[in-house]
Number of protein chains: 2
Amino acid sequence: MQREAPTLAHVARLAAVSENTVSRVIRNKGPIAEETRKRVIAAIDSLGYVPNRAAGSLASSSSLIIGVLLPSLSNIVFPEVLHGIHAALADTSYQAMIGVTDYDLLQEQKLLSSLLAWQPAAIVTTGFDHTDTSRRMLEQSGIRIAELMDIDDRPIDIAVGLSHRRAGRESARHLVGRGYRRIGYVGHDWSADRRAHFRYEGLRQGLQEAGLSLAAEFRFEGASSTMAGREALAQLLGGGHGVDAVVFSNDDMAVGGFMHCLGAGLAIPERLALFGFNGLDIGQALPRPLSTIRSNRFLIGRTAVEKLLEARERPTEPQIIDTGFEIVDGATA
Amino acid sequence: MQREAPTLAHVARLAAVSENTVSRVIRNKGPIAEETRKRVIAAIDSLGYVPNRAAGSLASSSSLIIGVLLPSLSNIVFPEVLHGIHAALADTSYQAMIGVTDYDLLQEQKLLSSLLAWQPAAIVTTGFDHTDTSRRMLEQSGIRIAELMDIDDRPIDIAVGLSHRRAGRESARHLVGRGYRRIGYVGHDWSADRRAHFRYEGLRQGLQEAGLSLAAEFRFEGASSTMAGREALAQLLGGGHGVDAVVFSNDDMAVGGFMHCLGAGLAIPERLALFGFNGLDIGQALPRPLSTIRSNRFLIGRTAVEKLLEARERPTEPQIIDTGFEIVDGATA
DNA sequence: AGAGTTTATGTTAGCGCTGAGATAATTTCG
DNA sequence: CGAAATTATCTCAGCGCTAACATAAACTCT
């Protein structure tokens, strides 16, 4: 029924040229007479020829694959990064091949190794934490590497993201500027989330620069979630530290905190101010939009891929691309 | 610096066997003497050999790639499906290759064609709507195909999901059972979301079976979002139809509706009952957990891949796998 | 006009692996 | 005990493409 898929040879015969010429037309490489190009394209169309990528990869020892390693898919942040990656890939012939590490560096290493088996054109991964073996594989592969989200360290090739330390510091400055003095922190387990830790440190630094320190803090044992934020804020307030504002490790946690306040009848921001991080939609859809910091995840993904595709060779010096952040001046702080 | 990556030939020489034997050890195919296997594995480990997938794919004209076509990444539902897909893939050598169609059937066709260029082991796509060309490519490829989310039509190979028509009907029955009689509908643009339309039809059918009909309806012009739900509910209520319950096209919209009620001081569910669809976390973190229907997205993704990997051949008759749904008996309806 | 240059195309040898069939060593059984 | 069956391995062609080089034709330029 389904006759064999047409190959270069079929196209070449139909267009009465050599295989190599067809290949060059397809890859837009080397000089081609306009008339020949037309004939080849007509042949391709009439046969419905689709190049076999495996053969191409093998022959050229490089592929049109972009390997993407994400720590998680259940945190909306990473699908948004992935969305940006796809936006940049949309009009190219590149395809994203995804691996999910579950925040596990050994898993990252394993996935990295199987991604490299496809000889991808580039690898996009997250953060600067890698096993020594992963780092060696990344370095020796020679291909372009982007490390996303964070820019507070030295990348292998390029880093695209924002300074979480600075973001934390700006949270402090914003709240202090608004007149809050007894500022608390509600976070989640940051053993797997180094960036949340950086923001926390930035927050403390910012407070210190204003002559203040954290009035109270509570860290939920486990991953961040709306539920976690809700429970954690209840815990923090139960401590009776008289805080007037709370910085959350991210928006998910902050939205949970908002829900707790609604349930407990605490006026926001009069009784308690709330401040998040990420700038998720859900925070902006609350009855009072959440005050937070927008982290531009989509932009991070898109910029990273754009930069990677700009040049096949790594720059001589590692590059850092700061996609920045903005204070979202909501109504909760 | 980076010496050539080792190939089968290197491993073979080191283990003093033929390349083919090494290949068979790796693929666990054909009889191998235990002692030989050990020697080969030792050689692989000592060289850090990683098979070149492009070469393997070319030689076997099939690859360890699972092509995944998703309509969107900005709707949390699809990242969750992708999460399930990755969960099922985690302990295999398969890799997911992703394409995002933006709900555009022509884009799906284009992506499908470039996925097939990798000779994937299977394709996972969404829904039953495809261009004729896409359908032909899927059918003729001969590989396993899963169509996700929906089971209200005849699949090419297997369908994994739930009956949205039935889900809509159950929403109606639930609300009627709770004593609501003036039931309204708030939806979004369903030209790209056939499943939302199916739920709507199921809802109407369910109401009809109870001798009722929709008291009012409002469809937001555009994609679903929390903001859209908030505005759309305001619009619906502005119409003065005296509805006592509203079914939303999904949880995002319903959460927006919840926010409107909070802002407008409408008691939930006393003044107005709210009912969603999907069972997202955010709905359950509201001060009153949202009454909704859980659609098991993760399970859909995982089950689909498990089924696809069970057999290389398509079943003689298309199969339908119902992952079901449950009424989440929250506090809003 | 002849040498050099540019443009357009062809020829050929693999890329690293797998599949099919061949071969060799071992076991089974009438 | 020899033929058949089984187990373990090898040999070799070729998957469909691209890189490198070779060639041919068409232009320059003095």
Counting the atoms with a prime plus P, OP1 and OP2 as sugar-phosphate, which does B:R53 contact under 4.0 Å by heavy atoms, base, sugar-phosphate, or nothing?
nothing
Sorted by chain and residue number, the salt bridge (charged side-chain N to carboxylate O under 4.0 Å, His left out) partners of A:K307 (sequence neighbours excluded) come out as A:E310
Using a 4.0 Å heavy-atom cut-off, does A:T36 contact any base of the nucleic acid, only the sugar-phosphate backbone, or nothing at all? sugar-phosphate
Quiz item: Taking only N and O in the side chain of A:S18, is any of them less than 4.0 Å away from OP1 or OP2 of C:dT9?
Solution: no
Taken to the nearest whole Å, OH/A:Y49 to C1'/D:dG16 is 7 Å
Please say whether more than 12 non-hydrogen atoms of neighbouring residues, nucleotides or ligands are located less than 6.0 Å from CD in B:E34. yes
To the nearest 0.5 Å, atom CG of A:L73 lies from atom CG of A:L82 at 7.0 Å
Using OP1 and OP2 only, check whether a side-chain N or O of A:T21 sits under 4.0 Å from C:dG10.
yes
Assign each of B:I32 and A:A54 the nucleotide of DNA chain D bearing its closest heavy atom; nearer the 5' end lies the nucleotide of B:I32
Can you confirm whether A:D45 is buried at CG, in the sense that more than 12 heavy atoms of other residues, nucleotides or ligands lie under 6.0 Å from that atom? yes
In whole angstroms, the gap separating P of C:dG10 from CD of A:E19 amounts to 11 Å
* Is a donor-acceptor pair below 3.5 Å formed from side chain A:N20 to base C:dT11, judging by atom type as modelled? -> yes
Hey, is the side chain of A:R24 poking within less than 4.0 Å of OP1 or OP2 on D:dA19, counting only N and O atoms? no
A:K38 atom NZ is separated from C:dA8 atom P, nearest whole Å, by 14 Å
